[in-house]
Each structure stands twice: as C-alpha cells, then as structure tokens.
Protein chains: 2
Amino acid sequence: MSQSAVVQAIATYGPISRASVAKLTGLSKQTISEIVGNLEVDGWVRTVGQTEGHVGRRAVVYEISPDAATVASVDLGGTKVRVALCDLTGCVLAERTEPTEQSGGLNVVEQVSRMVRATSTDSEYGELKFVVVGVPGVPDATTGAIHMAPNISDIDQIDLANELNQRMGVEVLVENDVNLAALGEHWMDNRTDADDLVFVSVGTGIGAGIVVDGKLMRGVSGAAGEIGFLPFGADPFEAESLKTGALERVSATEAIVGQYRDLSGNTLSVPAIFEAANAGDADATTTLDNVALQIARASASIIAILDPSLIVMGGSIGAREELMQRVTRFLGQCFPRTVSIQPSKLGAHAALAGGASIALSHLHMSLFAEGQKGAEIRVPPPAFETFKAGVS
Amino acid sequence: MSQSAVVQAIATYGPISRASVAKLTGLSKQTISEIVGNLEVDGWVRTVGQTEGHVGRRAVVYEISPDAATVASVDLGGTKVRVALCDLTGCVLAERTEPTEQSGGLNVVEQVSRMVRATSTDSEYGELKFVVVGVPGVPDATTGAIHMAPNISDIDQIDLANELNQRMGVEVLVENDVNLAALGEHWMDNRTDADDLVFVSVGTGIGAGIVVDGKLMRGVSGAAGEIGFLPFGADPFEAESLKTGALERVSATEAIVGQYRDLSGNTLSVPAIFEAANAGDADATTTLDNVALQIARASASIIAILDPSLIVMGGSIGAREELMQRVTRFLGQCFPRTVSIQPSKLGAHAALAGGASIALSHLHMSLFAEGQKGAEIRVPPPAFETFKAGVS
DNA sequence: GTTAATTCGTTCTCTTATCGAACTAATAGT
DNA sequence: ACTATTAGTTCGATAAGAGAACGAATTAAC
C-alpha cells in the first residue's frame with residue numbers, strides 16, 4: 001500500500017484535498033479516494049470543511065485526526081522526571097514533572113510508569129500507543145541496561161525498556177537524552193535544505209548528539225558523540241582522563257567551578273561565575289574564555305570529522321549567550337570553514353521534543369508502513385509556540 | 001518488481017537454483033521462475049549446470065552473467081592514473097597505469113577518457129555502463145569542480161564528471177579517493193556483524209573516509225573526514241594551521257621528514273626514516289613515536305565522535321606495521337574503550353576497489369531497481385586474491 | 001443569466017505483480 | 001518397482017494501482 005505516502009502528505013501539508021494529495025504523491029485520484037476513505041473510517045484522518053474561492057468544484061479537505069492516539073515522551077533525568085503526552089500532531093496534551101526517585105532502580109521504573117499512566121488517563125485522550133524514554137546514559141541494545149549513568153542509581157542493573165513495557169503494556173523505547181535533544185532540535189528546525197545537525201550539550205557533563213540524513217548516529221556501542229573523551233583539554237594520557245575524559249575534565253560544571261577557584265580563591269556556582277564575568281571579574285572572564293576555547297576545539301573536531309551544516313549548543317552552560325559568542329569567535333580562529341552555531345531553541349525541553357518525534361515516527365510506521373523496507377514517515381513538528389506552551 | 005531482490009540473491013549466493021532463491025527471498029516459485037526467465041533472456045544471468053547428489057529432482061542453477069556489462073574504476077592521483085575495468089561480479093578484466101598528465105585541467109580529462117576507452121575496447125568485453133573516478137580532493141556537488149586538490153593543476157576549474165561524460169558517453173561519478181578507499185576496504189571486508197568503518201590514510205596528507213550503515217558519510221560540503229584539521233598536533237590557533245591543518249602539520253610526509261631533520265640534522269625520506277628506526281636510530285624512533293602519538297589522538301577523536309567498530313589504516317605511511325603498533329599502543333593509553341585497528345588489505349588499490357563497488361551498485365540499481373525508494377543492491381566483492389591479481 | 005472553463009471526485013475497465021494450489025518431472029533410497 | 005522428496009510449470013485468483021470517461025459543483029466572462 002501507499003498508505004504511508006498519503007498519511008505523510010496529509011500530515012505535512014495540513015488540511016488538504018484529495019486531489020492535491022494525488023498530485024503530491026503522484027498516485028491517481030481514485031487510489032487516494034480509497035485510501036483516504038479507509039483512513040477516515042478507521043479514524044486516523046477527518047474532514048475539516050471545504051475549499052472556497054477557487055475556480056471549480058469545492059474540494060473536501062482532510063487533516064490528521066489529532067486525538068486518534070497518543071504517545072508519551074519521558075525525560076528521565078538525575079534530578080527531575082518529565083512526562084509529556086502528545087497527540088498525533090505532536091501537540092502536548094498534558095505534562096507533569098516530579099523529582100526523580102533517588103532510591104533508583106525499580107523504584108524509578110515504578111515512578112515513570114505511574115506518571116505516564118496518570119498523565120495519559122488525566123482525561124479523555126486517545127489510546128496511548130508508544131512511549132519513548134530519554135536517559136542520561138548509554139542504553140545497551142542487547143541487555144536493555146543503561147550504562148554510564150551515574151546520576152540514577154542501579155539503572156544499569158535492569159532492563160529498563162522491558163520493565164516499563166511490562167508495567168504499562170505499551171511499546172517502550174529508551175534512548176540517550178542528548179541524542180533525543182539533537183533529534184528534538186532537528187525536528188523543530190524542520191529544515192528542508194540540509195538534513196543534519198550536531199547538538200552539543202554542556203552542563204554537568206559534556207556530550208553530543210548527531211543527526212545525519214534525518215537519523216540518529218549511535219555508533220556500534222551507542223557511544224557516538226561522547227566528546228568528553230576527545231583527547232585534549234586535560235592531558236589525555238593521564239590516568240584520570242581515561243576515567244572522566246580529557247575534555248570533560250576542563251569543560252563541564254565541576255571543571256569550571258574548580259578553575260575559577262584556582263584563579264580567584266573563591267568558590268562560586270557556574271551561574272554566579274557567569275554573573276561575575278558580566279560584572280567585569282577578570283578571573284571569571286578568563287575562566288569562561290578557557291572553557292569556550294576548549295568547546296571551540298571540540299566543535300572544530302566535530303566539523304573536521306563530520307562536516308555538519310549546523311551545530312546547536314545546549315545544556316545549562318552551553319546555551320548561554322556569553323559562552324556561544326566566545327565559542328564562535330574562537331572557532332573562527334582555529335578552523336578555516338565557518339559553520340553556523342546556534343543556541344538551543346527548546347532549552348530543557350529538547351529531549352522531550354525529540355522523544356515525541358521518535359514516538360510519532362514509530363507509531364506512524366507501525367500503523368501505515370508495516371514491514372516496508374525503505375519506508376520512512378516524517379511527522380512534521382507542531383508550531384514551536386504550541387509545543388513550548390504545552391511543556392512550560 | 002522484485003527483480004532487485006532476485007538479482008541480489010543470485011549475486012550473493014553464487015550459483016543457486018530457482019527454488020533456493022524463492023526460499024531466500026520469500027517470493028513464490030513461479031514468480032522467481034518468471035523473473036529469472038526474463039533476466040536470462042536479457043542476458044543478465046545464465047545457467048551453470050545442475051545440482052546433483054541430493055534427493056529429488058535436479059535443480060538448474062543460475063549465476064550472474066559476468067560479461068553482460070562492464071564498469072570502470074579510475075584512481076586519478078597526482079602522480080599516477082590507474083584504470084581498472086571490471087565485470088559484473090567485480091573481477092578485474094583489464095588494467096592500465098600511466099603517469100598523470102602534469103599539464104592538468106582538460107589534458108587530464110583527455111588522458112582519463114582515452115585510457116578508459118582503450119581499456120574497455122582492449123578486447124571483447126561487455127558494454128561499458130558506468131565509470132567512477134577517485135580524485136585527491138573534494139568534489140563540489142553543484143559545480144562538479146574538485147576543490148582542495150593541489151596535486152592536479154586546474155582540476156578545480158572544470159566540471160570533471162560532465163567533461164568525462166561528454167567524451168565517453170557513459171555516466172560518470174566523481175568521488176574523493178579516501179572515501180573510495182574506505183568503501184573499498186569495507187566492500188572487501190564484507191562483514192555481516194557491523195556495517196561501518198573509518199579508513200584513515202596517512203601519506204603526503206592525512207585524511208579519513210567514513211562508512212556508516214554501508215554508506216559513505218560525505219558531510220554538507222563533502223569535507224567529512226578532513227582530519228588534517230583536527231585542532232591538535234601543531235597549535236591550532238596559528239595562522240599556518242588554518243591553511244594546512246593543525247594535525248596535518250605534524251603527521252604527514254613533510255612533517256615527518258622535517259621532524260627528523262630537526263632532531264638529527266639529516267634529511268631522510270620517510271621510508272628511510274622507517275629503516276633507520278628499525279636499525280635502532282634513536283632520532284628516527286622518536287620521530288615515529290611522535291607521529292604515532294598524534295595519529296592515536298586523531299583515532300581517539302574519531303572514536304569519541306563516531307564510535308566505529310573498526311579503523312583501517314592506509315596510505316604509504318599509515319599502513320606500515322611499525323606505525324600501526326605504536327598507534328595501537330598509544331590509543332590504549334588515551335582512550336578507555338578498545339577499538340580494532342587494522343592495516344589496509346588492499347593497499348594502493350583500495351580506492352580502485354571502492355570505485356568498482358560503487359559503480360556496480362549504481363549499475364545494478366539503474367538496471368533492476370529503477371526509481372524504487374528504499375532499494376539498495378549490495379554487490380558482493382570478488383575473492384580478495386582475484387581482485388588483487390587483476391590490478392597488481 | 002447563460003455559457004465556458006475549471007476543478008473535484010466517482011465509476012468502470014485494464015494492467016501488472018504476485019500468490020496459492022494443483023500438477024508434472026526427475027531423482028535417491030529402499 | 002515404489003516412495004518420499006525436491007524442482008519447476010500451468011492455471012486461475014487477488015489486489016494495488018493506472019487511465020479514461022463522466023458527472024458534479026463552482027467561478028469567470030460575456
């Protein structure tokens with residue numbers, strides 16, 4: 001069937017007539033009529049009136065039926081758990097946030113499944129069909145355990161996707177949170193010219209998510225984008241660099257606080273250091289310069305290897321305007337080509353958006369392109385403001 | 001049509017009966033009979049006898065008709081032009097090598113098209129259907145010019161693919177030589193477990209070709225893998241590093257010769273420096289250690305960002321056993337995960353093999369999967385010895 | 001206000017790829 | 001010779017989709 005193509009066209013080109021879908025897809029009119037008819041009977045699309053003002057007969061226009069089903073996107077962080085319930089168009093129907101269960105392990109599983117259940121039955125939404133969970137670690141494809149996630153205890157001892165699946169009875173996908181953030185930014189960007197992007201997150205740690213050809217690059221062991229281990233910043237041949245990562249040792253929260261303390265003798269939080277720099281504190285300025293220099297080098301490495309069209313900076317530190325400006329300046333001094341660097345548009349909600357985009361793609365695939373090889377449905381993002389409002 | 005699946009099965013599983021193809025593809029027996037019948041009439045496959053010794057009726061077995069068509073793979077280097085003519089199974093039918101026309105520009109175009117024509121009409125081969133040319137530079141997708149190719153003069157002034165196409169009347173694809181080498185190694189490796197690899201070439205320059213998911217990663221401007229510009233080795237903030245690349249300044253031919261001269265006062269060629277190191281020359285040993293250290297850092301960068309399953313070292317310098325051992329040792333000291341590092345199996349012929357693999361894939365696609373979206377035909381490589389013998 | 005041009009959507013027929021089942025053919029082992 | 005087994009063909013049946021023709025509804029133009 002070419003159901004997927006039809007759904008894709010309706011989803012992408014908003015309210016649209018069957019004749020237009022025929023032109024867009026290249027399929028014949030009656031094929032479209034039949035497919036749309038079936039979709040309408042099954043409740044996936046619905047009519048929204050008629051065209052008017054044009055020459056010729058009025059066309060009945062269709063759109064995706066937003067409430068035919070829902071998906072949930074979960075951002076499982078070390079301190080907070082966020083759950084967003086989205087309809088088929090990606091609009092946020094309900095959201096809730098809780099502090100993460102610090103006892104970790106199965107208790108977190110219980111917490112997430114309880115929150116998802118509560119959110120999805122808040123009122124009369126469509127059936128929950130898919131859940132995507134973003135975690136601050138590397139999901140192991142075979143065992144389902146989450147490696148390198150020091151912020152959530154015992155999360156590497158259980159098969160997270162499987163445990164959640166059993167409790168909720170819905171298909172669950174677990175993905176690294178930075179990867180999801182990269183996808184989220186890419187989704188909302190919705191660019192047609194180039195289909196790639198690297199999301200660089202600087203916060204308690206430093207990491208990157210890579211989108212190439214609209215798809216996530218994970219690497220064989222799921223560790224693609226672990227730029228904390230780039231071999232510069234600290235001496236990469238010191239033992240400590242093998243554990244923490246040479247670059248991470250000089251560019252994440254702890255390193256920034258430490259560096260400022262070494263220079264000034266005072267211990268300030270990272271936001272306070274930014275304040276101090278803005279107020280003219282020379283030590284703070286030096287600290288930020290040093291950090292930005294390292295991040296510029298990291299960006300240069302990424303560009304040298306991947307040649308992306310865009311780098312998006314995110315995380316509590318990375319997205320700061322003061323840092324971005326410095327990074328852009330330094331990058332110009334150590335790399336011949338210029339690449340656009342932009343701050344994250346979605347901020348703390350990037351991973352949530354990425355989860356929603358994956359969930360919707362998967363759902364559409366399973367519904368309309370069951371077992372087709374090259375099929376790929378790209379669900380267009382909702383208006384930026386709509387999404388932002390839903391999760392604020 | 002599922003022609004592509006049938007061709008794929010016959011190409012991959014050698015001489016094979018129609019019944020077996022049916023089982024492999026999941027298509028029904030008479031569908032296979034019809035498709036194979038058509039392919040045989042058109043000359044793409046042929047029978048090669050019957051099975052014997054099994055219970056039941058004897059099966060007629062088919063294989064790809066090797067001489068139904070040919071493709072040419074060209075390695076257009078700064079000093080040599082190599083042309084290999086391959087049949088449909090990837091076997092080399094004829095080969096020729098000439099010094100590169102030093103006048104550059106259109107003269108090189110003439111040289112290549114003359115060589116290809118001469119090679120393909122040497123005797124009675126199948127019709128030439130596709131030509132792939134590997135160049136030491138970055139092909140511009142829009143203009144067809146080759147950027148960053150200092151070794152072939154004026155090659156950035158012309159639309160290479162187009163000029164060649166007009167002279168030869170065959171479809172021509174131009175690709176970076178390191179990218180082709182990466183594909184060639186990947187093709188010959190023919191691994192089923194993981195479908196990615198990074199080819200690192202160290203010679204007059206340093207560069208990398210990246211294969212992910214069986215496909216080349218090119219980047220937006222075709223500059224992916226330009227690891228000469230990784231921001232370490234020399235100081236990346238010096239003006240010279242913006243031109244030559246910070247890493248390239250300390251790891252390619254010129255840098256190695258220079259470094260040894262600085263240490264010892266003597267000027268030796270790179271092979272001579274390797275000899276000296278093997279003979280116990282401390283300065284040569286130090287030089288090679290330094291170079292290997294930088295290449296290990298480059299490898300660490302690649303692994304941190306891409307997380308590949310394999311790195312293949314190539315180029316006149318990179319493939320040397322003495323260097324590889326050092327790189328492996330240093331990499332273990334600056335990166336926590338171990339990744340397999342292997343020397344190039346194809347040596348100077350890697351790009352030629354990569355060109356052949358692309359040419360064959362394209363040809364099969366255009367013949368049997370015209371305008372199918374997700375279609376992809378993977379032509380299995382010939383036996384390693386067969387190929388090697390053909391181009392030696 | 002009638003007519004022409006235009007667009008939408010349906011009906012009907014035709015093509016093409018594929019499958020399923022029945023049937024014929026050939027072979028090894030008993 | 002008989003049987004189990006595998007190979008390959010013949011003969012419909014089915015389903016996705018294309019193409020053409022036609023009816024319906026609407027605006028523009030005279």
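In what follows, every chain begins at residue 1, and chains take the letters A, B, ... in the order their sequences are listed. Bear in mind the structure is a predicted one, so any value in this text is a computation, not a measurement.
- A:Leu27 comes within contact range of the sugar-phosphate backbone alone, with a heavy-atom separation under 4.0 Å but no base atom that close.
- Side chains of A:Thr70 and A:Leu93 form a contact here, defined as non-hydrogen atoms less than 4.5 Å apart.
- Across A:Ala375 and A:Ala369, no two heavy atoms sit closer than the pair CB-CB, 3.7 Å.
- Checked options B:Val211, B:Leu180, B:Leu197; the residue passing with B:Glu185 is B:Leu197 (criterion: side chain to side chain contact (heavy atoms under 4.5 Å, CB included)).
- At the heavy-atom level, A:Thr51 lies nowhere under 4.0 Å from the strands shown.
- Listed by chain and number, the residues in a side-chain contact (heavy atoms from CB on, under 4.5 Å) with A:Glu171 are A:Phe130 (sequence neighbours excluded).
- Nearest heavy-atom pair across B:Pro66 and B:Thr89 is CB-CG2, 4.1 Å.
- In this entry the distance linking CD of B:Glu34 with C1' of D:dT10 reads 12 Å, nearest Å.
- Take the nearest nucleotide of DNA chain D for B:Tyr62 and for A:Gly26: the residue whose nucleotide is more 5' is B:Tyr62.
- Atom-to-atom, CD1 of B:Ile32 to C1' of D:dT6 comes out at 16 Å; the value is rounded to the nearest Å.
- A:Cys91 approaches A:Thr386 most closely through the heavy-atom pair SG-CG2, 3.7 Å.
- Contact detail for B:Ala94 and B:Thr119: the closest heavy-atom pair is CB-CG2, 3.7 Å.
- Between the P atom of D:dT5 and the NZ atom of B:Lys23 lies a distance of 13 Å, rounded to the nearest Å.
- Taking a heavy-atom distance under 4.0 Å as the criterion, the stretch of DNA chain C touched by chain B extends 5' to 3' from C:dA17 to C:dA28.
- Close to D:dA18, at under 4.0 Å from its OP1 or OP2, lies a side-chain N or O of A:Ser28.
- Dashed line: the shortest gap from a side-chain N or O of B:Ser33 to OP1 or OP2 of D:dG8 is not under 4.0 Å.
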Quiz item: Given the rule in the salt bridge (Lys or Arg N to Asp or Glu O under 4.0 Å) test, do B:Arg46 and B:Glu40 qualify, once you have shown the distances and angles that lead to the verdict?
Solution: CA-CA 6 Å; B:Arg46 65 181 187 194; B:Glu40 191 175 12; over 6 Å; no
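- The minimum heavy-atom distance linking B:Gly355 with B:Ser73 is given by the pair CA-OG, 3.3 Å.
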Quiz item: When every nucleotide of nucleotides 20-30 of chain D is labelled 5' to 3' by its protein contacts under 4.0 Å (heavy atoms), B for base, S for sugar-phosphate only, - for none, what sequence of letters results?
Solution: ---BBBBSS--
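- OP1 and OP2 of D:dT6 both lie 4.0 Å or more from every side-chain N or O belonging to B:Ser17.
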